[in-house]
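Note on naming: letters A, B, ... go to the chains in the order of the sequence lines (proteins, then strands), and numbering restarts at 1 for each one.
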Amino acid sequence: MPELPEVETVRRGLAPSFEDARILRVEQRRPDLRFPFPERFADRLTGRRVTGLGRRSKYLMADLDDGSVLVMHLGMSGSFRVEAGQSEAGQSEAGEAEAPGEFHHPRSKDQRHDHVVFHLEGAARPGAVRIVYNDPRRFGFMTLVERAGLASHPLFEKLGIEPTGNQLDADLLARLFNGRKTPLKAALLDQRLIAGLGNIYVCEALHRAGLSPKRAAGTIVTKAGKGTVAAERLARSIREVIAEAIAAGGSSLRDHRQADGTLGYFQHSFLVYDREGASCPREGCGGTVLREVQGGRSSFFCARCQK
DNA sequence: ATGTCAACCTGAGTGC
DNA sequence: TGCACTCAGGTTGACA
């Protein structure tokens, strides 16, 4: 489900509940998601204080006061919801399935897919809080990593640059794509080059830049290894689409929401994603949005104005 | 190295 | 109503 803007939106939504909170208890309801949970996962979290909630690419990372980091990935269908309540006392230990209790449920979710529940207290948001991780497809995962070893951890050591901020410019793109014959679509999805883009925002950025997803990545590089005008357009398009999506609270496809239950609204700004057959929104283009599968993923683009 | 596929898993939607 | 089939915001490992 979530690409960088959605994960950043989730981070902002969870931060008031997570940051400075004490973890009172963790319910881990199954042995694995995409991967097995680490040994003694719940035990190692219990009693810890969360000192900060950060994000790297599509990973959420909660810094803990013992020097470890709780790393969380939402996969395709992961989401968090925050349920506020008075205190730990008085909750039913067993049949939580249908117990609304004193906790407010912002919306209905299939509780069979509630895999992890963090019970917290003491964050900026007052009172006790439950943070529930729900993930029907279970492509997400959680793990614990020592902060000191984070950069060299397999999950992070090969991760590319963030597509936010100004470091992503034409020359950097040129450096990343130089000599690559792989299509732009695949190159932009390659997390070792740029970390955080997914299918939606790659489609959108390529349309904004007027570049075909099938064009070879190396063709936006000059012989001298500098960025072409196309590289400039692409770099700007990526930065803009990501920034706009974050500002909009991400995209709410299907059931995805922000942690407080509100919907992101960037999906209304999609120019091509999931718009097969629509006329190209580019002024004066007159083309039609096509869908073609590339590397197992749908690319939505206009063959007329994306070259 | 490069590019394509299948796999992981469930749910929603479509067409018959 | 049921069934078969396709597709989905991600990642990784196996192939030719």
Check: Where do A:T51 and A:L64 land on the side chain to side chain contact (heavy atoms under 4.5 Å, CB included) test, with the steps shown first?
Finding: CA-CA 6 Å; A:T51 57; A:L64 306 178; over 6 Å; no
Checklist line | Check against side chain to side chain contact (heavy atoms under 4.5 Å, CB included), A:V82 and A:R125 | finding: CA-CA 11 Å; A:V82 177; A:R125 171 198 252 273; 3.9 Å; yes
Next item on the list: Evaluate the side chain to side chain contact (heavy atoms under 4.5 Å, CB included) criterion for residues A:L24 and A:L120: first the C-alpha distance (whole Å), next the side-chain angles of each, then the deciding distance (0.1 Å), finally the verdict.
Entry: CA-CA 6 Å; A:L24 303 176; A:L120 308 175; over 6 Å; no
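Rounded to an integer number of Å, the gap from CZ of A:F139 to C1' of B:dT10 is 8 Å. Atoms CD (A:Q267) and C1' (C:dA8) sit 15 Å apart, rounded to a whole Å. Atom P of nucleotide C:dG10 and atom CG of A:L4 are separated by 11 Å, given to the nearest angstrom. One interatomic measurement links the two molecules: CD of A:E276 to P of C:dC7, which rounds to 10 Å at whole-angstrom precision. As a whole-Å value, the separation of A:D135 CG from C:dG9 C1' is 12 Å. When rounded to the nearest whole Å, the span between CD1 of A:I246 and C1' of C:dG9 equals 15 Å. Atom pair A:M72:CE and C:dG10:P shows a separation of 19 Å (rounding to whole Å applied). At whole-Å resolution of the value, CG in A:D32 and P in B:dC9 are 8 Å apart.
Salt-bridge check for A:E8 with A:R12: passed, with a basic side-chain N closer than 4.0 Å to an acidic carboxylate O. Using a cut-off of 4.0 Å between Lys/Arg side-chain N and Asp/Glu carboxylate O, A:D65 and A:R22 are scored as salt-bridged. Salt-bridge annotation for A:E162 and A:R56: present, with a side-chain N of the basic residue lying under 4.0 Å from a carboxylate O of the acidic one. A salt bridge is absent between A:R130 and A:E27: the closest approach of a Lys/Arg side-chain nitrogen to an acidic carboxylate oxygen does not fall below 4.0 angstrom. The existence of a salt bridge linking A:R49 and A:D66 is excluded, since no basic side-chain nitrogen approaches an acidic carboxylate oxygen closer than 4.0 Å.
In terms of hydrophobic clustering, with Ile, Leu, Val, Met, Phe, Trp and Tyr side chains grouped at heavy-atom distances under 4.5 Å, A:L193 and A:F156 are assigned to different clusters.
Residue A:R112 is classed as a sugar-phosphate contact, given heavy-atom separations below 4.0 Å to backbone atoms only.
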Output a table of nitrogen or oxygen pairs between the protein and nucleotides 2-5 of chain C separated by less than 3.5 Å.
none

Every protein N/O within reach of nucleotides 11-14 of chain C N/O, cut-off under 3.5 Å:
{"residue": "C:dT11", "atom": "OP1", "partner": "A:H73", "partner atom": "NE2", "Å": "2.9"}
{"residue": "C:dT11", "atom": "OP2", "partner": "A:K58", "partner atom": "NZ", "Å": "2.8"}
{"residue": "C:dT11", "atom": "O4'", "partner": "A:R34", "partner atom": "NH1", "Å": "3.4"}
{"residue": "C:dT11", "atom": "O2", "partner": "A:R34", "partner atom": "NH2", "Å": "3.1"}
{"residue": "C:dT12", "atom": "O4'", "partner": "A:R34", "partner atom": "NH2", "Å": "3.2"}

Could you run down the sub-3.5 Å N/O contacts of the protein with nucleotides 2-4 of chain B?
{"residue": "B:dG3", "atom": "OP1", "partner": "A:K181", "partner atom": "O", "Å": "2.9"}
{"residue": "B:dG3", "atom": "OP1", "partner": "A:T182", "partner atom": "N", "Å": "2.8"}
{"residue": "B:dG3", "atom": "OP2", "partner": "A:T182", "partner atom": "N", "Å": "3.0"}
{"residue": "B:dG3", "atom": "OP2", "partner": "A:T182", "partner atom": "OG1", "Å": "2.6"}

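Side-chain atoms of A:Y201 and A:E244 include no donor-acceptor pair closer than 3.5 Å. Side-chain contact, A:S299 with A:K185: a donor N or O sits under 3.5 Å from an acceptor N or O.
Contact between the side-chain N/O atoms of A:H113 and the OP1/OP2 oxygens of B:dG11 is found at a separation under 4.0 Å. Phosphate contact (OP1/OP2 of C:dG9, side-chain N/O of A:Y273, threshold under 4.0 Å): present. Between A:R138 and the phosphate of B:dC8, there is no side-chain N or O to OP1/OP2 separation shorter than 4.0 Å.
Ring geometry for A:H115 against A:Y133 counts as tilted: the plane angle lies between 30° and 60°, on a 0 to 90° scale. Between A:F118 and A:F41, the angle of the ring planes goes over 60°, which puts this pair in the perpendicular group of the 30/60° scheme.
Taking every side-chain heavy atom of A:S298 into account, C:dA8 is the closest of C:dA8, B:dC8, B:dT10. Listed nucleotides C:dG10, C:dA8, B:dG11 differ in distance to A:R291; the shortest reach to its side chain belongs to C:dA8.
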Check: What dot-bracket string describes DNA chain C from 5' to 3', counting Watson-Crick and G-U wobble pairs whose defining distances are under 3.5 Å, with [ ] for crossing pairs and | for pairs to another strand?
Finding: .|||||||.|||||||
Pair up each side-chain donor or acceptor in residues 275-287 of chain A with any protein partner under 3.5 Å, not counting sequence neighbours, and list the distances.
{"residue": "A:R282", "atom": "NH2", "partner": "A:H207", "partner atom": "O", "Å": "2.4"}

Counting only pairs under 3.5 Å, give me each side-chain donor-acceptor contact of residues 136-149 of chain A, with atom names and distances, residues two or more places apart or in other chains.
{"residue": "A:R147", "atom": "NH1", "partner": "A:D63", "partner atom": "OD1", "Å": "2.8"}

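The C1' atoms of B:dG3 and C:dG9 are separated by 23 Å, rounded to the nearest whole Å. Comparing the P positions of C:dC5 and B:dA7 gives a spacing of 16 Å, expressed to the nearest Å. Comparing the P positions of B:dC9 and C:dC3 gives a spacing of 23 Å, expressed to the nearest Å.
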